[in-house]
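Structure first, then comments.
Counting begins at 1 with the first residue of the sequence. Side-chain atoms are counted along with the backbone in the values below, which use heavy atoms only and exclude waters and symmetry mates.
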Amino acid sequence: MKDTSPAPEAASYAAAGVDIEAGDTAVELMKKWVARAQRPESVGGLGGFAGLFDASALRDYRRPLLASATDGVGTKVAIAQRMDVHDTIGRDLVAMVVDDLVVCGAEPLFMTDYVCVGKVVPERVAAIVKGIAEGCSLAGCALVGGETAEHPGLLGPDEYDVAGAATGVVEADELLGAERVRDGDALIAMASSGLHSNGYSLVRHVLLERAGWELDRDVPELGRTLGEELLEPTRIYALDCLELIRAPGTGVRALSHVTGGGLAANLARVIPDGLRAEPDRATWTPAPIFSLVGEQGRMERAELERTLNMGVGMIAVVAPESVDTALSALAARGVEAWALGHVVEAGDGGSGARLIGDHPA
């Protein structure tokens, strides 16, 4: 018997869930934002297979070392998606990358991004890239290219993730790090803008799942809604740290970007064997969001401190006689900063970093 059923439609990329035209529209929408995140060394524009940067700018260096870093923003993207606010998550991405570069003293030069979406919504993709471009401008680096990928079947229509990589440069004899740190050096804390972009799996579990709070909940302790607090962009310290390093008499030995693992674990990465950094809790009061997470999660202080930044986003290790000069340099940049503690001989207490004291009541 002859089969009279209609023949199946021809397969196509669009039928598989990938919209090439939407991708092209997204590129057109993001062009104006990318154009604002350039440096004089940037070459070409969007549309090429690779981003270009004029390396002849490095000729003035005696022995330039290139530094590279890559990162994402973790599950903070889930907050942006639930709130349908997408123009700040890019700043978080830039912060997580360039502030890893600057800890060795490197100036961020250029960055590329990767945006993976379940479905290309041009306006949403453009908003994400807008945030990345704004972040690059705040960091003084160029956004030289990127990639937008549509992954239907792996991500839902409203889901996406972002990642990025950046390259910087530092003179070899100006490289910061543990080998410069000495007994008696001082610790300078730079305030975070909030949770930054780490620990959101814990924060979401505690506040959204266990406590059952909604993102539009007004929280008096925060002075705004929970969602607004959780979506606060990560502070970008790159230019602040570079000015601190270059300012006469600041005596910067090392920098530590406080991200996943908390203050002590990240600070320990720039403290040499035989010495111990002792940041003193008595020197600052963490913002209310940190105590809220602790209270609602019934968490021990140690668990909070090894997950969240507790209000300190970057730490500078400076010569002991340079504390006032360093604080003045940061104040001139509008950075809230304070003397956090000291570096001491490790003795029986062990090397690395150990928080001491208690926060003010």
Side-chain angles (χ1 to χ4, degrees), residues 76 88 91-92 94-96 98-100 102-103 134-135 137-140 176 185-199 203 219 221-224 228-247 249-259 262-264 266-267 270 277-294 304-305 308-320 322-343 353 355-361:
K76 189 172 184 175
T88 61
R91 287 173 57 184
D92 292 289
V94 175
M96 299 306 290
V98 300
D99 287 342
D100 276 357
V102 80
V103 297
E134 289 176 341
S137 295
L138 291 171
L176 302 181
D185 282 347
L187 307 175
I188 301 292
M190 300 177 218
S192 70
S193 57
L195 293 167
H196 283 184
S197 298
N198 296 104
V203 172
V219 184
E221 297 94 327
L222 304 176
R224 54 183 171 177
E228 289 170 336
E229 177 72 25
L230 298 188
L231 210 56
E232 178 68 33
T234 304
R235 172 145 198 162
I236 297 174
Y237 299 93
L239 291 183
D240 303 321
C241 289
L242 289 173
E243 286 297 316
L244 178 65
I245 293 166
R246 295 164 179 167
T250 54
V252 179
R253 318 279 210 203
L255 293 165
S256 174
H257 186 199
V258 182
T259 56
L263 190 157
N266 283 285
L267 181 55
V270 297
E278 293 188 340
D280 189 350
R281 298 183 188 92
T283 62
W284 89 99
T285 300
I289 185 61
F290 299 102
S291 58
L292 282 173
V293 174
L304 273 179
E305 290 181 339
L308 306 178
N309 67 59
M310 301 304 293
V312 179
M314 184 74 77
I315 301 171
V317 183
V318 305
S322 301
V323 172
D324 289 342
T325 303
L327 290 175
S328 295
L330 290 169
R333 296 278 308 172
V335 180
E336 181 185 356
W338 63 93
L340 179 66
H342 295 88
V343 176
L355 285 156
I356 63 172
D358 294 301
H359 296 295

Which heavy atom of [X] sits nearest to which heavy atom of [Y], and what is that distance?
X: G313; Y: H257; answer: O-CD2, 3.5 Å
X: V312; Y: W338; answer: CG2-CZ2, 3.8 Å
X: I356; Y: D280; answer: O-OD1, 3.3 Å
X: H196; Y: D92; answer: O-OD1, 4.3 Å
X: A282; Y: P360; answer: O-CG, 3.7 Å
X: V102; Y: D99; answer: CG1-O, 3.7 Å

Would L244 and V335 count as a side-chain contact (heavy atoms from CB on, under 4.5 Å) if you check the C-alpha gap in whole Å, the side-chain angles of each, and the deciding distance to 0.1 Å?
CA-CA 11 Å; L244 178 65; V335 180; over 6 Å; no
May I ask you to test the [X]-[Y] pair for a side-chain heavy-atom distance under 4.5 Å?
X: I188; Y: L330; answer: yes
X: M96; Y: K76; answer: no
X: P320; Y: D185; answer: yes
X: V258; Y: S192; answer: no
X: L138; Y: L239; answer: no
X: V219; Y: E229; answer: no
X: M310; Y: L355; answer: no
X: Y237; Y: V103; answer: no

From [X] [atom1] over to [Y] [atom2], what is the distance, rounded to the nearest 0.5 angstrom?
X: T259; Y: L308; atom1: OG1; atom2: CG; value: 12.0 Å
X: R235; Y: S197; atom1: CZ; atom2: OG; value: 14.5 Å
X: E278; Y: H342; atom1: CD; atom2: NE2; value: 10.0 Å
X: N198; Y: T234; atom1: CG; atom2: OG1; value: 7.5 Å
X: M190; Y: L327; atom1: CE; atom2: CG; value: 9.5 Å
X: E228; Y: T88; atom1: CD; atom2: OG1; value: 11.0 Å

Please check if any side-chain donor atom of S256 sits under 3.5 Å from a side-chain acceptor atom of N266, or the reverse.
no
Run the side-chain contact (heavy atoms from CB on, under 4.5 Å) test on L187 and V317 for me, step by step, so that the C-alpha distance in whole Å, both residues' side-chain angles and the decisive distance to 0.1 Å come before the verdict.
CA-CA 5 Å; L187 307 175; V317 183; 3.9 Å; yes
What pairs of residues pass the salt bridge (Lys or Arg N to Asp or Glu O under 4.0 Å) test when at least one of them lies in residues 323-340, not counting sequence neighbours?
D240-R333
If we ignore hydrogens and angles and just use 3.5 Å, is the side chain of [X] paired with the main-chain N or O of [Y] as donor and acceptor?
X: R281; Y: G357; answer: yes
X: T250; Y: A326; answer: no
X: H359; Y: T285; answer: no

Go through the steps for V270 and I315 under the test side-chain contact (heavy atoms from CB on, under 4.5 Å), then give the verdict.
CA-CA 10 Å; V270 297; I315 301 171; over 6 Å; no
